[in-house]
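Below: one structure, written as structure tokens.
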Amino acid sequence: MATTDEEASKTYPEMITEAIEALNDKNGSNKSAISKYMESKYGELPPAHSSLLTAHLARMKESGELLFVKNNYIRPGPDAPPKRGRGRPPKSKPALPPVADLPSPRPRGRPPKPKDALAAAVAKATAGLPRPRGRPPKLARTAGSVTAAAAAAGGVVKRGRGRPPKVKPSLVTEAA
């Protein structure tokens with residue numbers, strides 16, 4: 001029945017909208033009426049016509065091109081509100097003042113600590129050297145470190161980690 005190349009090359013959405021407009025029912029057109037109109041007007045349709053029609057009607061319904069009311073498809077009017085998507089709508093953004101008036105934002109995060117000049121120089125000098133494998137060796141105790149004897153003498157000592165060592169009682173020799 002399709003006489004011209006223009007009618008044969010129409011897409012499914014174009015054919016669907018044309019069918020709804022041609023049927024011109026105030027309550028809309030159902031799927032079977034749209035299908036019958038397309039078969040009578042365009043004749044040779046693909047063998048999967050019913051599934052193609054269903055898929056295109058669903059896609060047009062989701063995009064807002066068609067309204068689905070009481071099993072009928074209707075074209076929305078010009079004053080109809082736009083179709084809203086799923087979920088909560090995004091917040092409206094307030095109008096921003098001109099860029100020149102905005103103060104420069106503070107940098108994020110905690111400000112860096114002041115660096116020791118000597119430590120910075122050592123780090124810079126050793127930056128290119130590869131690090132040795134494994135855990136670094138413990139530092140030797142210096143003479144200035146506080147010992148248990150100094151703590152007993154009255155110096156304030158910070159407790160170390162872990163369980164403190166057992167105190168061995170000193171041997172007392174009796175003088176006779």
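All of these numbers come straight from a predicted model, not from anything done at the bench. All values below come from the heavy atoms of this structure, side chains included, with hydrogens, waters and symmetry mates left out.
Not counting sequence neighbours, the partners of Pro89 by the side chain to side chain contact (heavy atoms under 4.5 Å, CB included) test are Arg84. For the side chain to side chain contact (heavy atoms under 4.5 Å, CB included) test, no residue two or more places apart in sequence or in another chain qualifies with Ser92. When the side chain to side chain contact (heavy atoms under 4.5 Å, CB included) test is applied to Ala55, no partner is found at least two apart in sequence or on another chain. Residues satisfying the side chain to side chain contact (heavy atoms under 4.5 Å, CB included) test with Glu14, not counting sequence neighbours, are Lys10, Thr11. Remark: Tyr37 engages no residue in a ring pair (Phe, Tyr, Trp, His ring centres under 6.0 Å) (not counting sequence neighbours).
Pairs of residues two or more places apart, or lying in two chains, that qualify as side chain to side chain donor-acceptor pair (under 3.5 Å) and include a residue from residues 65-76 are Ser63-Glu65.
Scanning both residues, Gly64 and Pro76, for their nearest heavy atoms gives O-CG, 3.7 Å.
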Show your reasoning for whether side chain to side chain contact (heavy atoms under 4.5 Å, CB included) applies to Lys61 and Leu67. CA-CA 6 Å; Lys61 181 176 69 170; Leu67 296 176; over 6 Å; no
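Interatomic distance, CD1 of Ile34 versus CE of Met15, reported as 12.0 Å (0.5 Å rounding). Here Thr54 contributes atom OG1 and Lys31 contributes atom NZ; the two are 3.0 Å apart, rounded to the nearest 0.5 Å. Separation of atoms CG (Leu57) and CD (Glu62) is listed at 12.0 Å; rounding is to 0.5 Å. Atom OG of Ser35 and atom CD of Glu39 lie 4.0 Å apart (nearest 0.5 Å).
Checking Asn24, Leu66, Leu23, Ile74 one by one against Ser29, the side chain to side chain contact (heavy atoms under 4.5 Å, CB included) holds for a single residue, Leu23.
Ring orientation note: the planes of Tyr12 and His49 are tilted relative to one another, at an angle of 30° to 60°.
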